[in-house]
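Note sheet for the following structure.
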Amino acid sequence: MKLAKSISVLLLVFTLLNCSKSDDKDVAPNPTGNFTENFGNLVTRDFIGQVINESSEPIEGVEIKIGASTQFTNSDGIFYIRNAEVFEKFAYVTAKKSGFINGSRTVVPSAGETDIKITMLTANVQATIESGASSNVALSNGAKVSFDGNFKTESGAAYTGSVKVLMHHLDPADETTFQKMPGSLMAENSAGAQRILETYGMMNIELQDATGNKLQIVNPTTIEMPISSEQLASAPTTIPLWYFDEIAGYWKEEGSATKVGNKYVGTVNHFSWWNCDAQFPTITLSIRVANSQQVFMSGLIVEIKRNPPFGESISKWKY
């Protein structure tokens, strides 16, 4: 089943489950603000998980953080954290290791043990450009970003010199996208409301100096994301843009993109993960699944279908 038809999965994660090397300053234990009223009370929960690379091989030595708890994966990529302080309906798990793009997952933790799997993307340099000169960097699938040559350090100081550009694009038609993407598809829209997203593609862009320190753009710039062939006919003319807040652990609406041919083109003023998504309100739905002997079952794939006018979409999540 193509992922382009199962991309609203977080409707299940954040509602159906009511029946799933950086300093501390970079990642807060829990998000703050009124939006956290959606997450319930603080509780302690147990987590077990595995971190793998894009070839499905385990990654050893990944720093895993859940709330204030930290552990490193073993040789099998496995981590186990007990009694982590999280919200009843929101747990933010981060994964960091040199040589990889930061990974993460957000889930609704179970009362027992919550199982998590994260695929980390290799921090491949797609191109090296120079400050002071306009340039474009593109992937083979047509994803592209433009630069005007003005860059700054994370502290805001002007930067001159070589700039390494790291880029990844995730296609909704790729069934591994959910394991590779950050967080989940839960989001806060521009009005401060909780929303579930249906992605039309997402892209990670990171800039580094010669020694690996992060850089940012000074002025707004243009990004282009290819639209999956399975979604092209139903893709809206204009779609909201969302960036992933690595501190809060969810997507935030900022700007919009316009359909130009088989791409979405939009303007952004900083780099992180960017996502082109339709947004939908959440509902609360509780389901318990039993076999013919009325024994409740776990480890199942649960699917919810969304019908036209938006086109058929299937949400699924594993319990």
Side-chain angles (χ1 to χ4, degrees), residues 26 33 35 101-102 121 123-139 141-171 181-183 185 187-193 195 197 199-210 212-227 235-279:
D26 294 326
F35 193 74
I101 301 297
N102 292 344
L121 303 175
N124 291 328
V125 177
Q126 296 296 332
T128 299
I129 60 178
E130 296 294 328
S131 64
S134 299
S135 58
N136 298 310
V137 177
L139 301 179
N141 66 356
K144 188 169 83 170
V145 59
S146 300
F147 300 97
D148 67 1
N150 296 301
F151 303 96
K152 61 183 178 181
T153 66
E154 286 197 300
S155 64
Y159 173 81
T160 58
S162 298
V163 178
K164 295 187 289 187
V165 182
L166 289 69
M167 288 177 60
H168 286 275
H169 175 264
L170 298 185
D171 186 342
M181 61 176 275
L185 287 174
E188 179 183 9
N189 70 10
S190 57
R195 289 292 183 263
L197 304 180
T199 183
Y200 284 76
M202 58 186 79
M203 186 160 62
N204 175 268
I205 306 163
E206 292 190 14
L207 308 178
Q208 297 179 357
D209 66 15
N213 298 308
K214 287 188 177 182
L215 302 171
Q216 274 292 349
I217 53 176
V218 174
N219 304 311
T221 195
T222 301
I223 61 172
E224 301 179 17
M225 281 194 247
I227 303 172
T237 302
T238 302
I239 195 167
L241 277 171
W242 311 74
Y243 73 92
F244 187 75
D245 188 324
E246 285 197 56
I247 295 178
Y250 49 83
W251 299 90
K252 294 183 177 180
E253 184 180 3
E254 187 175 292
S256 63
T258 301
K259 185 179 180 182
V260 179
N262 64 349
K263 292 183 180 182
Y264 274 124
V265 179
T267 300
V268 302
N269 59 17
H270 59 91
F271 284 142
S272 57
W273 279 96
W274 284 95
N275 203 348
C276 292
D277 296 75
Q279 59 178 309

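Inter-residue side-chain proximity for V165 and L207 is flagged as met; some heavy-atom pair is nearer than 4.5 Å. Inter-residue side-chain proximity for N275 and L185 is flagged as met; some heavy-atom pair is nearer than 4.5 Å. Contact check for E253 versus W242: side-chain heavy atoms found under the 4.5 Å cut-off. In this structure the side chain of V163 never reaches within 4.5 angstrom of the side chain of D209, judged on heavy atoms. Here the side chains of V265 and T222 are in contact, with some heavy-atom distance below 4.5 Å. F271 has its side chain out of reach of E206: every pair of non-hydrogen atoms, C-beta onward, lies at least 4.5 Å apart. Side-chain contact between E254 and N269 is present, with heavy atoms from C-beta onward closer than 4.5 Å.
Of the possible donor and acceptor atoms, none in the side chain of D277 sits under 3.5 Å from a partner among the backbone N and O of Q279. A donor-acceptor pair is defined here as one N or O able to donate and one able to accept, closer than 3.5 Å; such a pair exists between the side chain of S131 and the backbone of G161.
In this structure, N204 has no side chain to side chain donor-acceptor pair (under 3.5 Å) partners at least two apart in sequence or on a different chain. Partners of S256 according to the side chain to side chain donor-acceptor pair (under 3.5 Å) rule, which considers only residues two or more places apart in sequence or in another chain, do not exist here. Residues that satisfy the side chain to side chain contact (heavy atoms under 4.5 Å, CB included) test with Q126, not counting sequence neighbours, are N124, V137, L139, M167. Applying the side chain to side chain contact (heavy atoms under 4.5 Å, CB included) rule to A257 yields the partners I239, L241, Y264, C276; only residues at least two apart in sequence or on another chain are considered. Judged as a side chain to side chain donor-acceptor pair (under 3.5 Å), and not counting sequence neighbours, the contacts of S155 are T153. The side chain to side chain donor-acceptor pair (under 3.5 Å) search around E224 returns K263, not counting sequence neighbours.
Between M202 and P182, the closest heavy-atom pair is SD-CD, 4.5 Å. Between H270 and I217 the shortest heavy-atom distance is N-CD1, 4.0 Å. Contact between K259 and A235 at its shortest, heavy atoms only, is NZ-O, 3.4 Å.
Atom CG in N189 sits 8.0 Å away from atom CZ in F35 (nearest 0.5 Å). Taking CD from E246 and CG from N102, the interatomic distance works out to 5.0 Å, rounded to the nearest 0.5 Å. Summarising the geometry, atom NZ belonging to K144 is positioned 12.5 Å from atom CD1 belonging to I205; distances are rounded to the nearest 0.5 Å. Interatomic distance, H168 NE2 to M203 CE, rounded to the nearest 0.5 Å: 12.0 Å. Rounded to the nearest 0.5 Å, atoms CE (M225) and CG (D171) are 12.0 Å apart. Atoms CG and OH, on L197 and Y250 in that order, are 13.0 Å from each other to the nearest 0.5 Å.
Classification of the Y243-W274 ring pair by plane angle, with boundaries at 30° and 60°, yields tilted. Between F244 and W251, the angle of the ring planes goes over 60°, which puts this pair in the perpendicular group of the 30/60° scheme.
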